[in-house]
Number of protein chains: 2
Amino acid sequence: MAAHKREQFTPAEQQIAVIAKALGHPARVAILRLLAQRQSCVCGELVLELPISQSTVSQHLKELKAAGLVQGEVDGPRVCYCLAPAGWATARQLLTDFLHDVPPVAPGCAC
Amino acid sequence: MAAHKREQFTPAEQQIAVIAKALGHPARVAILRLLAQRQSCVCGELVLELPISQSTVSQHLKELKAAGLVQGEVDGPRVCYCLAPAGWATARQLLTDFLHDVPPVAPGCAC
DNA sequence: TTTGTTTATCGTCGATTAACGATTGTAAAG
DNA sequence: CTTTACAATCGTTAATCGACGATAAACAAA
């Protein structure tokens, strides 16, 4: 028992949660920034820029790919990663909408 | 060993990761939306709106509070929660900046 | 075909998360 | 001073995460 209850929330809530979870580790935030800076990146280059091992980088890339934020193309023995245009656009939109739904609060709340 | 290496990333990356992690569960996304809709909310009301138990809601609120996104004020036997003005503003800014740093990509990437 | 380079996957381990019911704590009301 | 609400914490369980080294897989080059 005590299984997860994610299914019982709205699709939007779930999607945002999936995206946010993908951003929920500094390494993945860093990877996305690197990919944006360079437009694309071979996995090995990322490993050089990050303070974690090759296998761990690969894991994080896998998670980002699973969330649809990143895609990889095989290029000979290496793999070239870049932001997934559609997935990242969707993610941006969902986050933007959420920030719109939950606007800044005037100091001093109602309670 | 094999401890977490979060410390080895930049402060900005870590902060974004903390915020994103707090948003990384649909229940917490839902809670923030509810708080924004109603400006404030007693814990019990949230429990009624959400498909999870009281103790679980309390746990999620604790995490949101730990991330600085929410604050609770004791009001008699109940507790009134609302968005934490400063913390939520900071979070919004960090996310906005990040979205600015990682802009949408034109379809068809470099690789 | 063998070698070297690069990336993915496997297996493992400890830590953390998500969930619940049960219990405790706190404060108003009687 | 009890009782009654309400919320937080405790204790537990299963699942997931984060990390690593080791191994496998893919492919270019020799």
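So that the names make sense, note that chain A is the first sequence line, chain B the second, and so on, each numbered from 1. Small disclaimer: the values here were computed from a predicted structure and weren't measured.
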Does a nitrogen or oxygen in the side chain of S53(B) sit under 4.0 Å from OP1 or OP2 of dA19(C)? no
Taking CD1 from I52(B) and P from dA18(C), how many angstroms apart are they, rounded to a whole number? 10 Å
How does protein reach along nucleotides 4-12 of chain D, written 5' to 3' as B (base within reach of a heavy atom under 4.0 Å), S (only sugar-phosphate), or - (no contact)? --SBBB---
Under the side-chain hydrogen bond (donor to acceptor under 3.5 Å, both in side chains) rule, collect the residues that match up with R92(A), sequence neighbours excluded. none
Partners meeting side-chain hydrogen bond (donor to acceptor under 3.5 Å, both in side chains) with Q37(A) (sequence neighbours left out): none
Check ion pair R38(B)-E49(B) (N to O, under 4.0 angstrom): yes
Cut-off 3.5 Å, no hydrogens considered: what does the side-chain donor-acceptor table look like for residues 54-62 of chain B, sequence neighbours left out?
residue	atom	partner	partner atom	Å
S55(B)	OG	S53(B)	OG	3.3
T56(B)	OG1	S53(B)	OG	3.0
H60(B)	ND1	R28(B)	NH1	3.0

Mind calculating the distance between CG (D75(A)) and P (dC27(D)) to the nearest angstrom? 11 Å
Can you see if the side chain of K21(A) gets near the phosphate of dC17(D) - specifically, an N or O under 4.0 Å from OP1 or OP2? yes
Spacing between E73(A) atom CD and dT6(C) atom C1', to the nearest angstrom: 17 Å
Nearest nucleotide by nearest heavy atom, which residue falls closer to the 5' end of DNA chain D, A27(A) or G76(A)? A27(A)
Within this structure, what is the CZ-to-P distance between R28(A) and dT16(D), rounded to whole angstrom? 15 Å
In whole angstroms, the gap separating P of dT17(C) from CG of L23(B) amounts to 15 Å
Does dA19(D) have its OP1 or OP2 closer than 4.0 Å to a side-chain nitrogen or oxygen of H60(A)? yes
For atom CD of E13(B) and atom P of dG18(D), their distance in whole Å: 15 Å
How would you list, by chain and number, every residue that makes a salt bridge (Lys or Arg N to Asp or Glu O under 4.0 Å) with D101(B), sequence neighbours excluded? R33(A)
Rounded to whole Å, how long is the line connecting atom CD of Q8(B) with atom C1' of dC20(D)? 13 Å
Holding to side-chain hydrogen bond (donor to acceptor under 3.5 Å, both in side chains), I want the full list of residues that pass it with E13(A), two or more places apart in sequence or in another chain. T10(A)
Separation of dA18(C) C1' from Q14(A) CD (nearest whole Å): 15 Å
Same cluster or not: I31(A) versus L94(B), using hydrophobic residues (I, L, V, M, F, W, Y) connected whenever any side-chain heavy atoms lie under 4.5 Å apart? yes
Given dA19(D), is OP1 or OP2 found less than 4.0 Å from the side-chain N or O atoms of H25(A)? yes
